[in-house]
Amino acid sequence: MNPSSAEFVELMNVAAGIARNVGDLVFSGRRNGAGKVLTKSSATDMVTQWDTASEHFVVEQLSKMRPHDSIIGEEGGQVQGTTPYTWLIDPIDGTTNFLYNLSGYAISIAACIDADPVAAAVFLPATRELFVAAKGHGSWLGSTRLQVSSCESIETALVATGFSYSASRRDLQGQRIARLLPRVRDIRRLGAAAADLCFVAAGRLDAYFEEGLQAWDLAAGQLIASEAGATLSNFVGETITPSEVLVASPRIHGDLLKLL
């Protein structure tokens, strides 16, 4: 099987339909509360019953529509397939936002070949915004093709970031923020990597950096930002990885690298 560009668009549409449907389910459910809440790696790393329900829905739908593909979900959902495609699912990216009934949480779904995302959808249930991309076909919000900002100077850059669940790592990240804050326009901490990456793609943010993500946090937003013209790397200018993420408007990427 040789995956084609046209197939990437088909996969994007699959991801978009499922993301919107499960997002509506999660949003409706949240009206009755976050439900049962458990913790994972630390007291601040939470999972709700809706994370689990969302992932179950996505896995079920993908298994029907793409029965031979592999699937990996944040909450443990896993299917071993026979095609080149692996779907990475973050059923609720920004669980803390969801728990506190803040709007900044997202459903993130990406189809990948090896580590390369080729189709993606990120749906923000509270605002009903659906960001999509297919490799080689651009990224979109509705009928609007996305383009990163034209920011030329870090002094006027609005930069987003996220923080670890580990208290000791947060201490180090706080020291980095203290060095960075006087050099940029301002910093935002919105609470969901997938949304941050989409906002860079849409020009709402000029850059985003974070460390210690997982593959499902990054994959969909990475493609959406890349197809919108962002420059992507790790903190030393090499290939982006979940452990080190810097996504920026091209003209400020190099200066941010120096600061990081």
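We're numbering straight along the sequence, starting at 1.
Without hydrogens or angle criteria, S139 side chain to A133 main chain gives no donor-acceptor distance under 3.5 Å. Using modelled atom types, one side-chain atom of E227 and one backbone atom of G136 make a donor-acceptor pair closer than 3.5 Å. Although no hydrogens or angles enter the test, the distance criterion places a donor-acceptor pair under 3.5 Å between the side chain of D217 and the main chain of Q214. The closest donor-acceptor contact from the side chain of E75 to the backbone of E55 lies at 3.5 Å or more, if one exists at all. Remark: the backbone N or O of F235 is paired with a side-chain donor or acceptor of E244 at under 3.5 angstrom. With hydrogens and angles disregarded, no donor-acceptor distance shorter than 3.5 Å links the side chain of R188 to the backbone of L158.
Proximity of N13 to V132: side-chain heavy atoms (C-beta onward) are nowhere separated by under 4.5 Å. Residues I240 and L218 are in side-chain contact: their nearest non-hydrogen atoms beyond the backbone lie under 4.5 Å apart. Residues L62 and V14 meet the side-chain proximity criterion, which asks for heavy atoms closer than 4.5 Å. At least one side-chain heavy atom of S63 sits under 4.5 Å from a side-chain heavy atom of I71. Side-chain contact between N21 and Q61: absent, with no pair of heavy atoms (C-beta onward) separated by less than 4.5 Å.
The environment of R176 atom CZ is dense: over 12 non-hydrogen atoms of other residues, nucleotides or ligands sit within 6.0 angstrom. In the displayed structure, H137 atom NE2 is contacted under 6.0 Å by more than 12 heavy atoms of other residues, nucleotides or ligands. Enclosure of atom CZ in R251 is not indicated, since only 12 or fewer non-hydrogen atoms of other residues, nucleotides or ligands lie within 6.0 angstrom. For CD of Q80, the number of neighbouring non-hydrogen atoms (other residues, nucleotides, ligands) closer than 6.0 Å is 12 at most.
A continuous path of hydrophobic side-chain contacts links F27 to L25 [ILVMFWY only; heavy atoms under 4.5 Å]. The hydrophobic clustering, which links ILVMFWY residues whose side-chain heavy atoms are closer than 4.5 Å, places L172 and I177 apart. One hydrophobic cluster, built from ILVMFWY side chains closer than 4.5 Å, cannot hold both L102 and I187; they sit in different ones. Neither L146 nor L130 shares a network with the other; the hydrophobic side chains, linked directly or stepwise wherever heavy atoms of I, L, V, M, F, W or Y lie under 4.5 Å apart, form separate groups for each. In terms of hydrophobic clustering, with Ile, Leu, Val, Met, Phe, Trp and Tyr side chains grouped at heavy-atom distances under 4.5 Å, V245 and F209 are assigned to different clusters.
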#### Entry: side-chain hydrogen bond (donor to acceptor under 3.5 Å, both in side chains) evaluation trace for D93 with S108
CA-CA 7 Å; D93 185 30; S108 177; 5.9 Å; no
### Message
Between D186 and L181, is the side-chain contact (heavy atoms from CB on, under 4.5 Å) condition met? List the steps.
### Response
CA-CA 6 Å; D186 208 345; L181 185 56; 4.0 Å; yes
### Query
How far apart are the C-alpha atoms of T156 and C151, what are their side-chain angles, what is the distance that settles it, and do they pass the side-chain contact (heavy atoms from CB on, under 4.5 Å) test?
CA-CA 7 Å; T156 59; C151 183; 3.7 Å; yes
### Task
Please test I18 against W87 for side-chain contact (heavy atoms from CB on, under 4.5 Å), starting from the C-alpha separation and ending with a verdict.
CA-CA 12 Å; I18 295 175; W87 293 86; over 6 Å; no
### Task
Would you please test Y208 and F199 for side-chain contact (heavy atoms from CB on, under 4.5 Å) and show each step?
CA-CA 9 Å; Y208 160 73; F199 292 165; over 6 Å; no
Side chains of residues 109-127: which donor-acceptor pairs under 3.5 Å do they make with residues two or more places apart or in other chains?
unit_1, atom_1, unit_2, atom_2, d
D116, OD2, K135, NZ, 2.5
T127, OG1, E129, OE1, 3.2

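For I89 against W216, the heavy-atom pair with the smallest separation is O-CB, 3.5 Å. For V200 against A207, the heavy-atom pair with the smallest separation is CG2-C, 3.8 Å. Minimum interatomic distance between L232 and H253 (heavy atoms only, all atoms of both residues): C-NE2, 4.3 Å. In plain terms, the two heavy atoms of G237 and L257 that are nearest each other are N-CD2, 3.5 Å. L99 approaches R30 most closely through the heavy-atom pair O-NH2, 2.9 Å. Closest approach of V22 to V58, counting heavy atoms only: CG1-CG2, 4.0 Å.
Distance CD/E10 to CE/M65: 10.5 Å, rounded to 0.5 Å. With rounding to the nearest 0.5 Å, the separation of CG in L180 from CG in L256 is 7.0 Å. Distance check, rounded to the nearest 0.5 Å: CG of N234 to OG1 of T241 gives 6.0 Å. With values rounded to the nearest 0.5 angstrom, R183 atom CZ is found 6.0 Å from E155 atom CD. Atoms CG and OH, on D51 and Y105 in that order, are 11.0 Å from each other to the nearest 0.5 Å. Expressed to the nearest 0.5 Å, how far OG1 of T144 lies from CZ of F131 amounts to 10.0 Å.
Considering I252, L205, D206 in turn, D206 is the only one that fulfils the side chain to side chain contact (heavy atoms under 4.5 Å, CB included) rule with S149.
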